[in-house]
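Have a look at the structure below before the remarks.
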Amino acid sequence: MSKQAPLVAGHPLLGSLPDLRDDTLGAYLRARRDHGDVVRFEAGPPGLRASLYAVFSADGVQQILGTEASNFRKENDVYTEIRESIGNGLLTSQDEEYIRQRRMIQPLFTRRRVDAYAGAVHDEATATAHRWTTASGNVVDVVPEMAEFALRSVTRILFGSDIESAVDVVRRNFPVIGESVLRRGVAPLRIPRTWPTPANRRTATAQRELYAICDRIIAERTAAGHDDSGDMISLLIGARDEDGSALDADSVRDQVLVFLLAGHETTATALAFGLHLLARHPDAQHAARAEVDAVLDGRPASAADLERLPYLTRVFKEAMRLYPSVAIMGRRSVADSEVCGFHIPGGSDVYVSPWVTQRHPDYWENPDAFDPDRFAPDLEAARPRYAWFPFGGGPRSCIGQYFAMLEGIIGLATFLQSYEFAAVDAEVPLELGMTMRAAGPARVRLTRRPSSGEAAA
Ligand code: HEM
């Protein structure tokens with residue numbers, strides 16, 4: 001007989017709602033510390049109270065994302081909001097529709113395909129480093145800087161030569177969509193989208209502008225016929241299923257918007273914390289730069305260099321351990337199940353959290369300390385598979401993870417070639433939106449390196 005998961009004590013009237021609303025990440029960490037690896041929260045006023053379960057052990061995460069993925073579906077209110085805002089692309093679709101999409105889109109993310117984007121990423125990194133030559137007081141805030149770098153990189157691989165017409169539209173409108181998904185996804189009651197409230201009107205305008213730019217570019221590419229530019233829009237248009245069928249224009253647009261949603265803020269956060277942590281830890285920065293200089297000897301980083309930069313890769317992985325962009329992932333259970341000896345009823349909201357599991361003392365010694373050498377191959381191999389899962393896992397794992405690693409390593413290598421970094425801000429406050437991100441500045445003071453070649457960009 002499996003046991004009831006321990007209930008996390010909360011407010012007499014509202015349960016855990018205030019704790020989860022005001023400090024979700026803290027509430028999750030405390031819940032694990034005080035109650036163990038499977039916990040239950042009750043949140044909301046009587047009558048509207050919802051139960052939700054959180055699972056923190058690596059084994060439990062493996063069960064939910066991996067071995068029993070079909071029992072834990074992407075069916076909560078946030079996914080519904082994403083579907084209604086930007087269409088039912090790869091992030092949110094399910095069942096037959098999902099399997100077809102993943103089958104058609106997976107070949108666009110093979111290493112060979114993604115490696116071909118390394119030049120574009122390097123160009124964007126070089127342009128970023130070049131912009132910093134005029135930074136006031138030689139100080140930059142890496143939070144907006146990495147947001148811009150990541151936005152331009154993903155927009156460029158998607159839209160290719162149309163990047164400049166797309167990037168402004170995306171920069172202006174995506175935050176509006178993100179804010180709406182989050183606000184509506186967690187609200188106990190939702191106003192219908194058709195009501196002309198200011199928030200609904202703002203979201204509808206943002207959606208219209210994003211749809212318009214995607215639809216225009218997709219129509220132009222389709223009309224032009226065969227196109228070997230290699231950007232993702234062309235590849236999506238050219239993708240064929242086993243029976244020869246293609247994605248229709250709306251589905252191509254849905255995927256483009258999903259890649260923007262899933263591939264922009266996530267990578268920006270990982271890079272911003274990568275730079276911030278290097279700036280705070282001069283020894284690690286020195287070791288990473290020594291590796292970059294020895295391997296690259298001043299030349300641009302390419303895809304082939306990824307495996308030649310193991311220390312920098314450890315730094316990036318450690319940044320994603322401490323600051324996972326997707327700090328919490330939600331599912332809804334179909335049937336009753338048992339996770340780590342605890343009963344989870346069918347129809348429950350169930351959450352797993354890289355934020356908690358990646359700081360779990362069973363898997364990580366001195367978990368809050370920055371130590372890239374945790375990712376030395378022997379230590380990595382000795383850890384359970386799901387002790388570190390910033391890209392999720394199982395059948396719904398991140399399709400863009402190799403691209404994210406490539407962008408992270410090429411970006412950090414290029415910045416290290418050009419500058420030395422010293423942290424201005426020791427602590428960076430966090431904010432949990434659709435993803436976890438830095439809420440405050442993460443400023444670094446830059447010292448230009450004498451051998452820096454970026455000024456020639
Ligand atoms: C550091 C950067 C990134 C992180 C931390 C990240 C994290 C994740 C995570 C945790 C999931 C699984 C979500 C869940 O199971 O609920 C996911 C899925 C996904 N990611 Fe990423 N991601 C990153 C970059 C990217 C990029 C660059 C792209 C595309 C260009 C992308 C596209 C997607 C897509 C399409 C899915 C859904 C896959 C599916 O369900 O089949 N991601 N990502």
Side-chain angles (χ1 to χ4, degrees), residues 86-87 89-91 101-128 147-174 209-241 246-268 271 300-304 306 398-411 414 457:
I86 59 165
L90 197 60
L91 186 66
Q101 290 184 14
R102 183 105 190 188
R103 195 168 56 222
M104 291 176 77
I105 294 169
Q106 188 73 52
L108 277 56
F109 283 89
T110 58
R111 276 188 182 221
R112 191 177 58 82
R113 284 274 185 218
V114 172
D115 284 352
Y117 298 127
V121 170
H122 178 263
D123 288 352
E124 292 298 338
T126 307
T128 305
E148 184 66 14
F149 168 57
L151 172 68
R152 287 192 62 89
S153 298
V154 74
T155 309
R156 189 158 162 183
I157 68 153
L158 285 166
F159 293 89
S161 55
D162 285 307
I163 174 177
E164 298 307 336
S165 53
V167 80
D168 283 339
V169 179
V170 175
R171 192 190 291 114
R172 202 173 50 244
N173 292 301
F174 243 87
E209 287 196 23
L210 282 165
Y211 277 28
I213 184 82
C214 292
D215 290 349
R216 177 174 69 71
I217 294 172
I218 293 165
E220 284 170 9
R221 301 286 178 87
T222 310
H226 177 72
D227 169 356
D228 56 5
S229 57
D231 59 57
M232 286 234 170
I233 288 195
S234 312
L235 296 175
L236 285 164
I237 293 170
R240 292 290 175 272
D241 202 354
L247 295 167
D248 63 24
D250 286 358
S251 183
V252 171
R253 181 194 61 218
D254 293 349
Q255 307 306 340
V256 170
L257 292 176
V258 155
F259 295 155
L260 286 169
L261 180 80
H264 159 214
E265 216 170 76
T266 45
T267 321
L271 270 156
S302 70
L306 257 59
C398 178
I399 202 168
Q401 58 187 288
Y402 179 64
F403 177 67
M405 291 302 294
L406 176 126
E407 187 179 331
I409 305 300
I410 290 187
T414 308

Q: Taking all heavy atoms of Ser165 and all of Arg216, pick out the closest pair and write down the distance.
A: OG-NH2, 3.7 Å

(Q) Return the CD1 to CG distance between Ile409 and Leu271, rounded to the nearest 0.5 Å. (A) 9.0 Å

Q: Grab the two heavy atoms, one from Ala239 and one from Met104, that are nearest each other, plus how far apart they are.
A: O-CE, 3.6 Å

Q: Find the distance between CD (Glu124) and CD1 (Ile410) and round it off to the nearest 0.5 Å.
A: 12.5 Å

Q) Side chains of Asp254 and Ser251: do they bring a donor and an acceptor to under 3.5 Å? A) no

Q. So does Arg253 pair up with Asp250, basic N to acidic O under 4.0 Å?
A. yes

Q. Partners of Asp241 by side-chain hydrogen bond (donor to acceptor under 3.5 Å, both in side chains), sequence neighbours excluded?
A. Arg100, Arg103

(Q) Once side-chain hydrogen bond (donor to acceptor under 3.5 Å, both in side chains) is applied, do any residues pair with Arg172, and if so which ones, sequence neighbours excluded? (A) Glu209

Q | Heavy-atom pair of closest approach, residues Ala118 and Ala303 | A | CB-N, 3.8 Å

Which donor-acceptor pairs under 3.5 Å do the side chains of residues 255-262 make with protein atoms, sequence neighbours left out?
residue: Gln255; atom: OE1; partner: Leu90; partner atom: N; Å: 3.0
residue: Gln255; atom: NE2; partner: Gln101; partner atom: OE1; Å: 3.0

Per-pair distances, 0.1 Å, donor-acceptor, side chain in residues 157-164, under 3.5 Å, sequence neighbours excluded:
residue: Asp162; atom: OD2; partner: Arg221; partner atom: NH2; Å: 3.0
residue: Glu164; atom: OE1; partner: Arg152; partner atom: NH1; Å: 3.4
residue: Glu164; atom: OE2; partner: Arg152; partner atom: NH2; Å: 2.7

Q | Heavy-atom closest pair, residues Ala249 and Ile218 | A | O-CD1, 4.0 Å

Q: Check the side chains of Tyr402 and Asp115 for a donor-acceptor pair under 3.5 angstrom, ignoring hydrogens and angles.
A: yes

Q: Could you go through the side chain to side chain contact (heavy atoms under 4.5 Å, CB included) check for His264 and Thr155 one step at a time?
A: CA-CA 9 Å; His264 159 214; Thr155 309; over 6 Å; no

Q.
Tell me every residue that passes side-chain hydrogen bond (donor to acceptor under 3.5 Å, both in side chains) with Arg111, counting only those two or more places apart in sequence or in another chain.
A. none

Q) Taking all atoms of both residues into account, what is the closest heavy-atom pair of Arg240 and Ala246, and its distance? A) NH1-CB, 3.0 Å

Q. Okay, side chain of Ser234, backbone of Gly230: is any donor-acceptor separation there less than 3.5 Å?
A. no

Q: Could you check if a side-chain atom of Ile237 sits within less than 4.5 angstrom of a side-chain atom of Ile233, using non-hydrogen atoms only?
A: yes

Q. Taking atom CZ of Arg113 and atom CG of Leu108, what is their separation to the nearest 0.5 Å?
A. 6.5 Å

**Q.** Residues that Phe149 engages under ring pair (Phe, Tyr, Trp, His ring centres under 6.0 Å), provided they are two or more places apart
**A.** Phe415

(Q) So which atom in Ala268 and which in Ala147 form the shortest heavy-atom distance, rounded to 0.1 Å? (A) CB-CA, 3.6 Å

Q | Val121 vs Phe403 side-chain heavy atoms within contact, under 4.5 Å | A | yes

